[in-house]
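Heads up, the thing below is written out as structure tokens.
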Amino acid sequence: MSEPLNATNPVTFDALTLPGEAGANELWLFTALAGGGTQSSIFSGEAPPPGMFANGNDGGASSMNAAAFAGANSAFFYPQDVYGDHFAFRDAFSVELFFRTDGERSGAGRMQLVNQGEGSFRYGLIVNEPGGGNVRFAVNDGQGMIAAVDLVDRNYADGLWHYVLATYDPDAGAGGELSLAALNVDGTTEERVAALPGGFAGLPGGNDWNMLIGRQDFDAGSGERTFLGLIDEVQLSCGIVPDDRLLGAIRAPTPACAGDVNGDGVTDVFDFSDLAANFGAGPGATREQGDLTGDGFVDVFDFGELAADFGCGSG
Amino acid sequence: MDRITACVAAAAALLAADFARADPGDVYGELYRPGYHLSPQRHWTNEPNGLVQFGGAWHVFYQANPFNSDFGNASWGHATSTDLVHWEQRDVAIPARNGILSFSGTAVFDAANTSGIGTAQNPPLIAAYTGFNIFTGVQDQRLAYSLDGGDTWRKFGGNPVLDIGSNEFRDPKVLWHAPTSRWVMVVTHGGQKRASFWTSPDLIDWTFESNFFGTGMPGSIGGWEVPDFFELPLDGNPGDTRWVLVITPAAGSPAGGNGVFYIYGSFDGEVFTREHPASEVYWLDYGRDYDGVISWENMPAGDDRRIMTGIMNSYGSQIPTSRWRGCFGLPRTVELVTTPDGIRLVQQPIVELQSLRGAPWSLSNATVTPTIDPLDGLGAGGDMLEIVATFTNLSADSFGLDVLEGAGERTRIGYDDQADELFVDRTQSGLILTGAMGGVHTAPYAPAGSQVTLRIFVDRSTLEVFTGDGRVVFNERVFPDPSSVGVSAFAEGGDARLDSIDIYPMSSIWTPEAPEAGDAQIVARWSMDPVPWHTSGRNPVTVDERDASGEGTEVGTTLPFYEGDPASDDLWRFNDLPGQPYTFSSDVPPACMFGEEAGPGTASYDAGAIAAVNGALVCPVDRYGEEFNFTGAFTVEMFFKTDGDRSGAGTMELLRQGENALRYELIVNEGGGGNVTFKLWDALARTASVDIHAAGVRNYADGAWHALVATYDPSVGANGELTIELIDEDGSSRAATATIGAAFGPLPVRNDGNLLIGRRSAFAGAAGRTFLGLIDAVQISSGVLAPEKRLARPVAGRPISRWPMDPAPG
């Protein structure tokens, strides 16, 4: 990043530490957006539905609106020169986050969720790679070999919330593994594991520079790869994060019935009643209110989900 | 021996006793530690802050020095309770940062989220505190907030919220004024004997409303601090209320020095008007040790009490304790009542304290004479007691009780019928180190009838005395010998009747911590992060993040910031570079190389940057004592990284103890390029060493980060053992061990001089053996530190950062 542009930094704190505490890693914003990117534009009041979280976590009150930066020199980033180069992992690590495109974006080309780092690419999460609607987790050994694992079962650039968990474990399997898993708002999941290819030299030493969120590059233009949507609750861990410290409910039991609004294990008329009572709620509506699609609203699409699942669990 | 020397010697002996009495794990068991009064687990306090109840938790924040047991580095410490009796020590809530100390203040629950800092669904707790700029002395008002019920706190991004450029503008009391639907802030102005009133719709934008001056009050009462301000019903009638302004003056209290007075009157949301003559000063306490008093806000539904507490420490660093210093008074209820003397506050200890009572020793209808003590033979005694006694005077000039009684010691609490005064006599209470300790403190008191009821709380080094009607209270600190635990009744000049007495043994509120495994103890840990003033030319430049009981030789300076505690071992820099900078780098080891309890911080020490000039980074022995001249087992840990491949650069010194006479050192490139050596020196300059290359030759001067652990354990084998372990960024490691031969003698008992880091001497050139690279996170421990306590301790699956993508306030 070249210079600060119209922003008061940091713009979001590290939730695992106190501000200013040794070890705190905050996120900064450099942007050429008029007014420095007001909070109303760079943050959204929408967050993933509570049902997607595990271990007492939640989505807070806001998410990052990465799309706000599209076309403008910008970066929402972790400045390693301020807090230390803490995410240039060499050994096993995990990355978690929630994302939602702002509508159907499977044809929008590559969109970067995470890029470590700005100086030299170490690892990243990319939407619409290798194909439209796919999600890729890639790592770079710095010697010309990039290993990747992809989610391909569905369109992940579909305007709905998704949680992804990416891990790199050089000690897994015969010669190391990458894994990428997703949890969708309807409780379905996809998990992929790929062996590190022969000749992969491991992650390199050295400083990668800054980590960018929601973008590949500060400069606007063809290389920016701005993610057109919302990103929330980004967590990075040393090693393979255990199930009891995961943000997303990907290892938790999923609702047995996709239309079970009231949580009684069946989809029946009482769920219709609850959904109807909250019809029109949103943005920010929860599954308990009837938002079965996870778009933050209780609307006719939720009725459709419920109708399709009607009778589930009733024997 | 003159008096001062005698006092110093006595204090030193007691400090030694403090260390000797408690083993390293016996926290809360130290000499003079109260058993049922709240005190910090470690280090200094001088005032309660931010008393607030929320979600069933009672919060006490307090002025804390996180680094040592003297005033300085003012931050907000934190403790919580679910019953106002038993307390849990929490982490520092609002630390001093960037040269801004976190002075006193209060906390409120912003239920309607008027500040916008939280949300309607999750409104914030807000702390208002004074920021003190250590360079300019300016005091301004700031906010911190919690969105998780007070567990963790963040400073508001828009700080300061109120700054008038004054050096006397501190200790904000904030409250919600319902009639005007605004927040009110009361701030005191020190020597100006003034409190100012401000209002705000949102706790962020403040408007000046009025001043309240001490005009007409005795001139000796000066230095206004720590205001509290609240509305109370008169005689329990909610339709007839008064506002009460409580102030801690720095001087002029009945017992001398600081104390607490109160003023009652009316308040219209903008102006406070006194309703009694200014010349009449009403004191909350007649003892020497009760000030900085504030009350809890956001009381739970159905609990209409106003509960206050204050600090019991009027002697600063003279309090003869070392690991901790300062404690808080028992929580008291205050009520406004009409007495024969007029409207007054009456105070009682909270009823919850009765849960600590054991089975009492009791007696009734006994006569006390100058020669007969009816408590003889009762068997009552102890250093943690509650006593409830009612006397009727028959013919005595004075009568009462002696507590903490032992050989040549007693603390006397009594009633002087000739002077119509209650008194506490500390002249024989034990250790008296300053003129403020000891003395006889009195309070005018005319009981409503013929009986005098005293309720006395004895808690090792604290004494709290309440009259039965709550009109007079004394809070006192005393420092008796631990064997002084007796209780007796006395009457002088005649007889008195002890109508009744119940002496309750009181339980401790503390659960002793389990001792640490083994006898290893971390003496110092340096993150190498620069202190905020590192560009000013001042030392130290990076501070000790750990200290331990028993260490130190009390040779520190008396400067208040980051110095003064012998348990602190900070690092100083001297060099001939222009401006004498502290040379550091933002390149730090990967966070994943660390365990849960420590991290790389924000910077490492750039040792190579001073290679061409004279200079050094040292722990100066004349400031912090000989902490590292171990004669027994010890452990050294550090992270290092050369600035590229330096395997051919010749010997480079990572660490040397000491500058005058070598005891041990860590050397790169000795015995082969890329090797790392741990070398020990005995009193005759014979050496023993271990090379990492013994575990296989490889280059550790390769430009990558490595963690190093070196241990010396003389208890292994016939003559001891040295070990060295090197851990790489990817988690792989190697270790080597060397048995020490019989020719190596014991480590010397002497002063070695300074500890040097990144250099063998302060001189440039070959003699300096400058380490060409970065050094980070150095930790030195006595004993062989268990692997699970070491810095370099990879933990499988540990989140190190989480960004919630919520905007930072401001």
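Chain letters run A, B, ... following the sequence lines, proteins first and then strands; every chain starts at 1.
In terms of heavy-atom pairs under 4.5 angstrom with chain B, the leader among F93(A), F87(A), F98(A) is F87(A). With chain A as the partner, the residue from S732(B), S604(B), A603(B), P804(B) showing the most heavy-atom pairs under 4.5 Å is P804(B). Between chain B and the residues M64(A), E96(A), R90(A), Q80(A), the most heavy-atom pairs under 4.5 angstrom are made by R90(A).
Using a 4.5 Å cut-off between heavy atoms, Y78(A) touches chain B through its side chain atoms alone. Proximity to chain B (any heavy atom under 4.5 Å) is shown, for L230(A), by neither the backbone nor the side chain. Contacts of L97(A) with chain B are absent, with no heavy-atom separation under 4.5 Å from either backbone or side chain. For a residue to count as touching a neighbouring chain, one of its non-hydrogen atoms must lie under 4.5 Å from one of that chain's; by this rule F89(A) touches chain B with the side chain only. Contacts between L236(A) and chain B at a heavy-atom distance below 4.5 Å involve backbone atoms as well as side-chain atoms.
Residues P799(B) and R245(A) share a closest heavy-atom pair of CD-NE, 3.4 Å. Nearest heavy atom pair, residue G797(B) against residue P242(A), reads O-CD, 3.0 Å. Of all heavy-atom pairs between C238(A) and A591(B), the closest is SG-C, 4.2 Å. Closest of all the heavy-atom pairs between N25(A) and I800(B) is ND2-O, 3.9 Å. In terms of heavy atoms, P600(B) sits closest to H86(A) at CG-NE2, 3.3 Å.
Taking the six-membered ring for Trp, W153(B) and F13(A) have ring centres at least 6.0 Å apart.
Taking the side chain to side chain donor-acceptor pair (under 3.5 Å) definition, one finds that D243(A) meets it with R251(A), sequence neighbours left out.
In this model, no donor atom of one side chain and acceptor atom of the other lie less than 3.5 Å apart for D81(A) and S586(B).
Although no hydrogens or angles enter the test, the distance criterion places a donor-acceptor pair under 3.5 Å between the side chain of T12(A) and the main chain of D806(B). Although no hydrogens or angles enter the test, the distance criterion places no donor-acceptor pair under 3.5 Å between the side chain of W705(B) and the main chain of G205(A).
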Side chain to side chain contact (heavy atoms under 4.5 Å, CB included) between R802(B) and L247(A), worked out:
CA-CA 10 Å; R802(B) 176 184 171 186; L247(A) 292 179; 3.5 Å; yes
One pair to check against side chain to side chain contact (heavy atoms under 4.5 Å, CB included): V241(A) and R798(B). What are the steps and the verdict?
CA-CA 6 Å; V241(A) 63; R798(B) 176 170 63 90; over 6 Å; no
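Contact of the L27(A) side chain with the M805(B) side chain is registered, since non-hydrogen atoms from C-beta on lie closer than 4.5 Å.
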